[in-house]
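Heads up, the thing below is written out as C-alpha cells.
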Amino acid sequence: HSHARAVVASMTSAVREGHRLDEVKLLQWMQRENLASAADSLQVRQFTAGQSNPTYLLSLSSGASVVLRKKPFGPLLPKAHAIDREFRLLTAFQSVAFPAPKPVRYCKDASVIGTEFYLMEFVNGRIFRDPTLPELQPAERAAVYDAAMDVLARLHTLDWRALGLSDLSAPGSYSEKQVAVWKKQYDRASQIAPAIADMDQLAQWLQQHIPREEARCITHGDFRLDNIVFHPTEAKVLALLDWELAALGHPISDVAYHCMVYHIPPASALGVKDSGAGGVMGCDNEGIPSQDDLVAAYAQRRGLALPIPHWTFFSALSFFRLAAIAQGVYARALQGNASSTSGKLFSKVAQYISHVGLTIAQSDSEGSDSAPKAEANSASGGSKQSGPAAGGAPSLFQVSDRLKTLKARLEEFMEKDVIPAEKVYWDFVNSAADRWASVPPIMEDLKRKAKALGLFNLFLPSESGLTQVEYAMLAECMGASPLGPEACNCNAPDTGNMEILHMYGTEKQKAKWLEPLLKGEIRSCFCMTEPGVASSDATNMACTATREGDSYVINGRKWWSTGAGHPHCALAVVMARSPDSARAKHEQHTVILVPFNAKGVRRVRPLAVFGFDDAPSGHLELEFDNVRVPAENVLLGEGRGFEVAQGRLGPGRLHHCMRLIGMSERALSLMCRRAATRVAFDRPLVRMGTVVADVAWARIGIDQARLLILQAAQCIDTQGAKAARTLVSQAKVATPQMAERVIDRAIQVH
C-alpha cells in the first residue's frame with residue numbers, strides 16, 4: 001500500500017485549471033452505476049503525463065480506485081481522441097488475457113462531466129518516462145526493453161477477427177491512409193501553430209514510397225516505454241496503455257515508432273525535460289540494447305527474416321506522425337486546452353523530429369527501403385548503426401552486439417579463471433577428510449568474479465534480458481568446464497528450480513527461496529525420480545503429499561536428486577502425489593517446497609555413475625518420513641504438479657544440451673591437439689585416415705546437435721515451451737548420444 005501511495009503521488013497532481021470535473025455529478029453517476037456507495041466521498045487527481053486525452057485517478061473513501069479517461073474540453077480535430085475505440089479494445093483484450101487495464105464503464109452522457117468518458121482499473125506498477133532508464137541496473141534495462149518487445153510481438157499475433165475487431169479500420173492501404181491522416185492532422189494544427197518546412201517535404205517523400213505489400217494486425221499506434229506499466233520489482237509487463245491510435249495496420253509501424261528513441265537525444269538535451277519526448281541517442285547507459293538488437297529480438301519472436309522490408313518508410317512515417325502529434329499538442333496549448341503543462345514546449349519537438357524524419361527519408365538514396373540507413377548513436381557505446389541486418393549476410397540465428405560482448409567476456413573468464421581452477425577444485429575435494437562437508441573455496445572466488453563481470457544468472461531472461469537462443473550460445477561456453485555453470489550460478493538443478501519459482505512462486509516464496517538462490521547463497525535439489533516404481537511415468541509415483549489442516553505431510557523416497565549432497569543445499573523441490581479420485585490422473589500431483597532441514601528429511605546415500613559420485617553436490621537417494629511443511633509451500637496449487645514440472649523441464653532439458661555442446665567442443669579440441677602431437681607407425685595420428693574421419697564425424701555431430709538445440713530454443717522464444725516439446729525431446733536424445741561418441745573418439749585418440 002505504501003508503494004501504491006508513492007506511485008500515485010509521483011504520477012498525479014491536483015487537477016489543473018481548465019481540466020476540472022464536476023465531482024458532485026461524477027460521484028452521483030458512480031453511485032447510480034453501483035461503482036460507489038452512498039457513504040463514499042470522492043477524491044480526484046490528474047495524471048501529469050500524456051498530451052492527448054486527460055486522465056484522472058478517482059479514489060473513493062472506501063479505498064477503491066479507478067482511472068477516468070475523457071476527451072479534452074474545447075474544439076477538437078475530427079476523429080481525434082476516439083476514447084470509445086480505446087474502451088472497445090480494452091474489452092476485447094479481456095477474453096485473451098492480454099496485459100491491458102480492465103475496462104469498468106463507458107459513459108456517453110456528456111452532461112456528467114462535460115464530455116464522454118470511461119473508467120478502467122488502476123494498475124499499480126512502474127512507468128518509465130525516461131527511456132535511458134537511469135534508475136535501473138544494466139541487466140534490468142536490458143530486461144525492460146526485451147519485455148517491451150515481447151508484449152509487442154504478442155499484440156501483433158492476436159487474432160483480430162476472433163476478437164470481433166474486423167471493423168477497427170476501414171479497408172484499404174494502411175500506409176496510404178496513415179500518410180493522408182497525419183498530413184491532414186498536421187495541416188489543421190498548422191492553421192493555429194506556425195508551419196514547419198520539413199514536414200511538407202517529408203509528406204511528399206512518404207507519398208512516393210508507400211509499400212505495395214501490406215501485413216495486417218492490431219497495431220498500438222503509440223508504442224513507447226512510457227505507455228507500459230511494469231511490475232513494481234520485475235521486468236514484467238502488467239498493462240499496455242493509451243490505445244487511442246490503435247488500428248488494423250502494419251506491425252513494423254509499431255516497431256519503427258518504438259525505435260525512434262535511437263534517433264533522438266534525451267529529453268534534457270532537447271530542452272523538454274519531463275515531457276516524455278526524449279530518446280537515448282548518445283546515452284551511454286549500459287544495458288540498453290542497440291536498435292539492431294531490439295529489432296532482432298522482435299523479429300525472433302515473430303519468426304521474421306532480417307532485414308526488415310520497408311524499414312525506412314515506417315521509420316520516416318513514425319517521425320512524420322510524431323511531428324504531427326507534437327504540432328497538435330502545441331496547437332492545443334496555444335488554445336489553452338492541452339492535457340499537460342508542457343504543451344507549449346512541443347513547438348521545438350515538432351521542428352526537431354520532423355527534421356530527423358526527413359533526414360532518414362533522404363538518406364535512403366538507393367530507394368531500397370529495406371533497412372534503416374540514417375545513422376544514430378548506439379545507446380550502449382556511441383557507435384554508428386545501420387539497422388536490423390547490419391553485420392553481413394543474414395544468418396539462421398542472429399547474434400546481437402550485446403551477446404558478442406557477453407560471449408567474449410565469458411570465454412575469457414572460462415579460459416583465464418575457470419579451467420585453470422579445475423585442478424585446485426578437485427584436489428581440494430579429493431583430499432578432504434569428508435568430501436561432502438565443504439565446498440572448495442576457489443568456487444566462491446569464481447562466483448565473486450562472475451558477479452563482478454556481469455556473468456551471473458544469465459539463464460533467467462528477467463535477470464539477464466537474454467533469449468533462450470542467446471543463452472544457448474553462452475551455456476555452450478560455460479559447459480566447457482564442469483565448474484563453469486556453478487561459477488555463473490547457471491547450474492542444474494538450481495536453474496530449473498529458480499525458473500519455476502520465478503514463474504509460479506508467490507511473493508513470499510520468492511523472498512524466502514528465489515532471492516538467495518539468485519544470489520548464489522544457497523543450493524537446491526529437485527526430487528521427482530523414485531526407486532521401486534517406473535517413475536519415468538510420473539503417474540506411477542509412490543511418494544505422497546497429503547493435506548492435514550494448514551500443512552502437507554510428505555512420505556516417500558526419491559533418488560538421483562542432483563545437488564542434494566551439497567553442503568549449501570537448503571531446499572528440496574518435491575513432486576508428490578496428492579490422491580483425489582475426483583480429479584483426472586494428471587491432476588493428482590503437487591509440487592511443494594521442502595526446507596532441507598525439515599524434520600524427517602534424510603540423506604540415504606550418494607549414487608555413483610561409473611564409480612563417480614560427483615561430490616560435493618552428488619546425486620542422492622532421499623527419504624521423506626512424515627515431513628510436515630506449511631500449505632503455503634505448495635507451488636501454483638494442489639494437483640498442478642504436471643503443469644509446474646513441464647514448465648521446468650522444457651528449458652531445463654535444453655540447458656543440459658547446451659552445456660554438453662561446450663564439453664563436446666572441448667573434447668574435440670583436445671582430440672585434435674593430441675592427434676597432432678602423438679606419433680604412431682612413424683607418423684602423427686592426424687595423418688591417419690581413420691583419425692581424420694573421427695575428427696570430421698565429431699565436427700558434423702556437434703554442429704548438427706547445436707542447430708537442433710538452437711531451433712528448439714528459438715521455438716521456446718517465439719511460441720513457448722509447450723510448442724517446443726517435440727524439438728526439445730529430439731535435442732535431449734540426440735545431444736547426449738553425440739557427446740558420448742565425440743568423447744569416446746577423443747579417448748581413443750589419446
| query | Under 3.5 Å, is there a donor-acceptor pair between the side chain of E286 and the main chain of P138? | reply | no

| Around K236, counting heavy atoms of other residues, nucleotides and ligands shown, do more than 12 lie under 6.0 Å from its NZ? | no

| task | Please report the C-alpha distance between Q291 and H263 in whole Å, then the side-chain angles of each, then the deciding distance to 0.1 Å, and finally whether the side-chain hydrogen bond (donor to acceptor under 3.5 Å, both in side chains) criterion is met. | result | CA-CA 10 Å; Q291 176 177 287; H263 303 263; 3.2 Å; yes

| message | Looking only at side-chain N and O atoms, does W205 offer a donor or acceptor that is under 3.5 Å from a partner on Q201? | response | no

| Should H19 and Y56 be marked as a ring-ring contact (aromatic ring centres under 6.0 Å, His included) after you check the CA-CA gap, both sets of side-chain angles, and the distance that decides it? | CA-CA 10 Å; H19 291 255; Y56 306 80; 7.3 Å; no

| request: Can you measure from CD (Q327) to CD1 (I353) and round to the nearest 0.5 angstrom? | output: 10.0 Å

| message | In terms of relative ring orientation, are F122 and F47 parallel, tilted or perpendicular, with 30° and 60° separating the classes? | response | tilted

| query | Heavy atoms, side chains only, cut-off 4.5 Å: are F117 and L26 in contact? | reply | yes

| query | For Q94, does the CD atom have more than 12 heavy-atom neighbours from other residues, nucleotides or ligands under 6.0 Å away? | reply | yes

| query | Is there a donor-acceptor pair under 3.5 Å between the side chain of R45 and the backbone N or O of L57? | reply | no

| said: Please confirm whether the ring centroid of F128 lies under 6.0 Å from the ring centroid of F230. | reply: yes

| Nearest-0.5 Å distance, OG1 of residue T157 to CZ of residue F98 | 8.5 Å

| query | Where do G125 and V229 come nearest, in terms of heavy atoms and distance? | reply | CA-CG1, 3.8 Å

| message | Checking Q46 against T55: is there a side-chain donor and acceptor pair closer than 3.5 Å? | response | no

| Going through the checks in order, is the salt bridge (Lys or Arg N to Asp or Glu O under 4.0 Å) test met by K510 and E234? | CA-CA 12 Å; K510 290 178 181 179; E234 302 174 17; 3.1 Å; yes

| field | Smallest separation among heavy atoms of A297 and D146, with atom names | value | CB-OD1, 4.1 Å

| Is a side-chain donor-acceptor pair under 3.5 Å present for S37 with D40? | yes

| said: With salt bridge (Lys or Arg N to Asp or Glu O under 4.0 Å) as the criterion, how do R88 and D84 come out once you've worked through the C-alpha distance, each side chain's angles and the decisive distance to 0.1 Å? | reply: CA-CA 6 Å; R88 181 186 176 192; D84 55 331; over 6 Å; no

| query | Got a second to check how far L168's CG is from L248's CG, nearest 0.5 Å? | reply | 4.5 Å

| Side-chain H-bond candidate by donor/acceptor type, Y298 with H258, under 3.5 Å | no

| query | Do T219 side-chain atoms and A247 backbone N/O form a donor-acceptor pair below 3.5 Å? | reply | yes

| request: Count the heavy atoms belonging to other residues, nucleotides or ligands that lie under 6.0 Å from NZ of K177, then report whether that count exceeds 12. | output: yes

| task | Carefully, step by step, assess V66 and E121 under the rule side-chain contact (heavy atoms from CB on, under 4.5 Å). | result | CA-CA 5 Å; V66 291; E121 70 170 342; 6.0 Å; no

| request: Taking the side chain as every heavy atom from C-beta outward, state whether E116 and I83 have any pair of such atoms under 4.5 Å apart. | output: yes

| said: Given 3.5 Å as the limit, does a donor-acceptor pair link the side chain of R105 with the main chain of L119, or not? | reply: no

| Under the 3.5 angstrom rule, does the side chain of S315 hit a backbone N or O of W311 as a donor-acceptor pair? | no

| field | Donor-acceptor pair, side chain of S253 and main chain of G249, under 3.5 angstrom | value | no

| said: side-chain hydrogen bond (donor to acceptor under 3.5 Å, both in side chains) for E86 and N53? Distances and angles first, verdict last. | reply: CA-CA 11 Å; E86 294 185 28; N53 295 322; 3.1 Å; yes

| request: Could you walk me through whether S290 and D292 pass side-chain hydrogen bond (donor to acceptor under 3.5 Å, both in side chains), step by step? | output: CA-CA 5 Å; S290 68; D292 291 359; 5.2 Å; no

| Shortest non-hydrogen contact between A324 and M199, atoms and distance | N-CE, 3.9 Å

| Under 3.5 Å, is there a donor-acceptor pair between the D254 and H220 side chains? | no

| message | For I196 versus A350, what's the shortest heavy-atom pair and its separation? | response | CD1-CB, 3.6 Å

| remark: Heavy atoms of P131 and Y145 approach each other most closely as O-OH, 2.6 Å

| request: Write down the atom of L42, the atom of L60, and the distance for their closest heavy-atom approach. | output: CD1-CD2, 3.9 Å

| task | Please check if any side-chain donor atom of T132 sits under 3.5 Å from a side-chain acceptor atom of D130, or the reverse. | result | yes

| task | Could you go through the salt bridge (Lys or Arg N to Asp or Glu O under 4.0 Å) check for D242 and R224 one step at a time? | result | CA-CA 10 Å; D242 198 350; R224 308 176 307 201; 5.3 Å; no

| query | Does the ring centre of Y257 sit less than 6.0 Å away from the ring centre of F223? | reply | no

| Would the W243 and F87 ring centres measure less than 6.0 Å apart? | no

| task | Carefully, step by step, assess W182 and L206 under the rule side-chain contact (heavy atoms from CB on, under 4.5 Å). | result | CA-CA 11 Å; W182 292 111; L206 288 167; over 6 Å; no

